[in-house]
Q: 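Starting off with a structure, shown below.
Remember, predicted model here, so these are calculated numbers, not experimental data.
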Amino acid sequence: MDAETPAVLVLPGPVRRDGVPGLCAEVRDLLAGRGGGVVVCDVSGLGPPGLAAVDLLARLELTARRAGGRIRLRDPAPALGALLDLVGLRLQVEGQVEQREPAPGVEEAVETGDPAV
């Protein structure tokens, strides 16, 4: 596997709390030899979404960021995406363009004749 090809981690279901440290260690190991990058997490086998899945994904993202990388989700169920949105956990999904903050110093244009606020 070259540095351009993201590593893939298939997440088994159902999510169990005692399996989280091992999966975090796998993410850390996958990123260690790459100097950062992306680990693609295949979440198609996670089963019905719940707070255990949200907790797992949050911990994997935190682990990846600490190692200088990110995770990207592959094949999330629509319900999982809705739950992640509900709790405010914004994760990149394969095939979607990453949303970024506007560049610093960019302001909205003001039309002439607008009252000053």
Side-chain angles (χ1 to χ4, degrees):
M1 184 178 332
D2 61 28
E4 296 296 316
T5 305
V8 177
L9 176 62
V10 178
L11 300 177
V15 178
R16 293 184 43 152
R17 193 168 194 76
D18 60 351
V20 172
L23 292 170
C24 288
E26 280 191 61
V27 167
R28 201 170 21 258
D29 292 344
L30 289 170
L31 291 171
R34 301 168 156 264
V38 173
V39 173
V40 174
C41 295
D42 186 333
V43 296
S44 60
L46 278 181
L51 293 180
V54 171
D55 180 62
L56 169 65
L57 294 174
R59 290 175 187 273
L60 292 178
E61 176 69 2
L62 180 60
T63 299
R65 285 185 178 218
R66 287 179 175 166
R70 300 290 305 261
I71 66 168
R72 182 181 305 143
L73 304 183
R74 175 181 287 169
D75 296 330
L80 178 60
L83 184 57
L84 292 172
D85 283 342
L86 180 67
V87 299
L89 185 58
R90 306 277 186 248
L91 298 174
Q92 190 177 8
V93 176
E94 254 187 350
Q96 288 183 343
V97 177
E98 186 176 352
Q99 295 180 356
R100 297 184 178 260
E101 293 290 322
V106 175
E107 297 181 21
E108 288 186 32
V110 177
E111 293 187 27
T112 57
D114 282 350
V117 193

Q: Report, one line per pair, each donor and acceptor closer than 3.5 Å where one atom sits in a side chain of residues 46-53; sequence neighbours left out.
A:
none

Q: How close do Leu31 and Ala67 get, counting heavy atoms only, and between which atoms?
A: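 Heavy-atom minimum between the residues: CD1-CB, 4.0 Å.
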Q: State plainly whether one hydrophobic cluster holds both Leu89 and Leu80, where clusters connect Ile, Leu, Val, Met, Phe, Trp and Tyr through side-chain heavy atoms under 4.5 angstrom apart.
A: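 Yes; Leu80 is reachable from Leu89 via cluster members.
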Q: Under the side chain to side chain donor-acceptor pair (under 3.5 Å) definition, can you give me all pairs with a residue in residues 35-46, not counting sequence neighbours?
A: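 Matches after skipping sequence neighbours: Asp42-Ser44.
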Q: Same cluster for Val87 and Leu60 if Ile/Leu/Val/Met/Phe/Trp/Tyr side chains link at under 4.5 Å?
A: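 Same cluster: Val87 reaches Leu60 through Ile, Leu, Val, Met, Phe, Trp or Tyr contacts under 4.5 Å.
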Q: State plainly whether one hydrophobic cluster holds both Val20 and Leu62, where clusters connect Ile, Leu, Val, Met, Phe, Trp and Tyr through side-chain heavy atoms under 4.5 angstrom apart.
A: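 No: no chain of side-chain contacts under 4.5 Å links Val20 to Leu62.
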Q: Kindly compute the distance separating CG (Leu57) from CG (Leu23), expressed to the nearest 0.5 Å.
A: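 One gets 10.0 Å once the value is rounded to the nearest 0.5 Å.
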Q: Do any pairs count as a salt bridge (charged side-chain N to carboxylate O under 4.0 Å, His left out) and have a residue in residues 19-33, sequence neighbours left out, and if so which ones?
A: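 Counting only pairs at least two positions apart or across chains, no salt bridge (charged side-chain N to carboxylate O under 4.0 Å, His left out) contact touches residues 19-33.
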Q: Only pairs at least two apart or in different chains count here, so list each salt bridge (charged side-chain N to carboxylate O under 4.0 Å, His left out) that has a residue in residues 44-59.
A: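 For residues 44-59, and leaving out neighbouring residues, the salt bridge (charged side-chain N to carboxylate O under 4.0 Å, His left out) pairs sorted by first residue read Arg17-Asp55, Asp55-Arg59.
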Q: Enumerate the residue pairs fulfilling salt bridge (charged side-chain N to carboxylate O under 4.0 Å, His left out) with a member in residues 43-52, sequence neighbours excluded, ordered by first and then second residue.
A: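 Output for this query is empty, none listed.
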Q: Among all residues two or more places apart in sequence or in another chain, which pass the side chain to side chain contact (heavy atoms under 4.5 Å, CB included) test with Glu61?
A: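 Once residues adjacent in sequence are excluded, the partners of Glu61 under the side chain to side chain contact (heavy atoms under 4.5 Å, CB included) criterion are Arg65, Arg70, Ile71, Leu91.
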Q: Could you pull out all residues at least two apart from Asp85 that satisfy side chain to side chain contact (heavy atoms under 4.5 Å, CB included)?
A: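 Scan of Asp85 (side chain to side chain contact (heavy atoms under 4.5 Å, CB included), adjacent residues dropped) gives Arg90.
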Q: Atom CG in Leu30, atom OG1 in Thr63: separation rounded to 0.5 Å?
A: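 Here the interatomic distance stands at 12.0 Å.
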Q: Salt bridge (Lys or Arg N to Asp or Glu O under 4.0 Å) with Arg72: which residues, sequence neighbours excluded?
A: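 Applying salt bridge (Lys or Arg N to Asp or Glu O under 4.0 Å) to Arg72 gives none.
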Q: In a check of side-chain contact (heavy atoms from CB on, under 4.5 Å) between Arg74 and each of Val43, Val40, Leu9, Leu11, which one passes?
A: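 So, applying the side-chain contact (heavy atoms from CB on, under 4.5 Å) to Arg74 and each of Val43, Val40, Leu9, Leu11, only Val40 qualifies.
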